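Working notes, beginning with the structure itself.
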Amino acid sequence: MTPLQLPLGVRLRDDATFANYYPGANAAALGYVECLCEADAGWTESLIYLWGAEGVGRSHLLQAACLRFEQRGELAVYLPLGEVVEHGPALLDNLEQCELVCLDDLEAVAGRADWEEALFHLFNRLRDAGRRLLLSASASPRELAVSLPDLQSRLSLALVFQLQQLSDEDKLRALQLRASRRGLHLNDEVGRFILTRGARSMSALFELLERLDQASLQAQRKLTIPFLKETLGW
């Protein structure tokens, strides 16, 4: 694993896999991102832009794509731009060496002339090298506050998907999927109890599930409503 894959100490989450992603209404986006990871597609199919509110799974899908490439021994990079913006656009230099580049939180650099120019040139280098680019932002390409017309033009070439929030029923199924992959049984009654008492975002719900997993393992007890009340003070 080369330093280019994981710059500045950025680490991929082990649980950010396609198998761990419950798509709900986002099945089409999931399918296209998986195709981007597998098929020898042309440039149009190799440029995908995901957008949506916080907690819809944008970062999860970008990291899952990187993990898929790493599993095949291919070079991929994930950059959460909101976390690395202060390091400057030189971070984008030479990324065309990677088979896949994933840029998260594009809104963090929109409107910054140095970053926008560097992104425009990166687009061109990746296209010329036949590489793949997966982008994520909180707004659609048209609504993103991009100042450079050439960059806006490049963004318009992407396949665009708006990721939707999961319904309560889908959140329950997503929790059950994540629980089963941890070796836990989460029945509907307990799952709905968590949804009515816990935080609403999926990231917070998954953190809560991890806490319950550890407590269940230590106490050697199943996930029941009395156990949840005792463990969480609900």
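Please read these numbers as outputs of a predicted model, since none were measured by experiment.
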Quiz item: Going through the checks in order, is the salt bridge (charged side-chain N to carboxylate O under 4.0 Å, His left out) test met by D105 and R58?
Solution: CA-CA 9 Å; D105 301 324; R58 293 184 283 118; 3.7 Å; yes

Exercise. To the nearest 0.5 angstrom, please state how far the CG atom of D104 sits from the CG atom of L81.
Key: 7.5 Å

Quiz item: Do you know which of R182, K222, R181, R178 makes salt bridge (charged side-chain N to carboxylate O under 4.0 Å, His left out) with D213?
Solution: R182

Quiz item: Does one side chain, of R154 or N124, offer a donor that lies under 3.5 Å from an acceptor on the other?
Solution: yes

Quiz prompt | Within residues 200-233 or reaching into it, pairs that qualify as ring-ring contact (aromatic ring centres under 6.0 Å, His included) - sequence neighbours excluded | solution = none

Quiz item: Which atom pair, heavy atoms only, marks the closest approach of P141 to Y49?
Solution: CD-CE2, 3.4 Å

Quiz item: CG of L36 to CZ of R68: how many Å apart, nearest 0.5 Å?
Solution: 11.0 Å

Self-check item: Donor-acceptor under 3.5 Å (T196 side chain, R192 main chain)
Solution: yes

Practice problem: Might you point out which heavy atoms bring D188 and Q176 nearest each other, and give the distance in Å? | Solution: OD1-NE2, 2.7 Å

Quiz item: Is there a salt bridge (charged side-chain N to carboxylate O under 4.0 Å, His left out) between R221 and E230 once you walk through the steps?
Solution: CA-CA 12 Å; R221 292 174 61 184; E230 178 184 325; 3.0 Å; yes

Quiz prompt | R142 atom CZ: more than 12 heavy-atom contacts under 6.0 Å | solution = no

Exercise. Answer yes or no: does atom CD of E169 have more than 12 heavy-atom neighbours from other residues, nucleotides or ligands under 6.0 Å?
Key: yes

Quiz item: Backbone N or O of A29 within a donor-acceptor pair of the N26 side chain at under 3.5 Å?
Solution: no

Quiz item: Looking only at heavy atoms, which two atoms of T17 and A64 are closest? And how far apart?
Solution: C-CB, 3.7 Å

Quiz prompt | same_hphob_cluster(L151, L95) at 4.5 Å side-chain heavy-atom cutoff | solution = yes

Quiz item: Near E117 CD, under 6.0 Å, is it more than 12 heavy atoms from other residues, nucleotides or ligands?
Solution: no

Self-check item: Closest non-hydrogen atom pair between E96 and A129, with its separation
Solution: O-CB, 4.4 Å

Self-check item: ILVMFWY network linking L217 to V190, side-chain heavy atoms under 4.5 angstrom
Solution: no

Quiz prompt | Closest non-hydrogen atom pair, L186 against G191 | solution = CD1-N, 3.9 Å

Quiz item: Nearest 0.5 Å, what's the CG-OG distance between L50 and S138?
Solution: 12.5 Å

Quiz item: For the residue pair L155 and V146, what are the closest heavy atoms and their distance?
Solution: CD1-CG2, 4.0 Å

Quiz prompt | Spacing of W234 atom CH2 and I194 atom CD1 [to the nearest 0.5 Å] | solution = 6.0 Å

Quiz item: If Ile, Leu, Val, Met, Phe, Trp and Tyr residues are connected whenever their side-chain heavy atoms lie under 4.5 Å apart, and connections chain through other members, are L205 and L228 in the same group?
Solution: yes

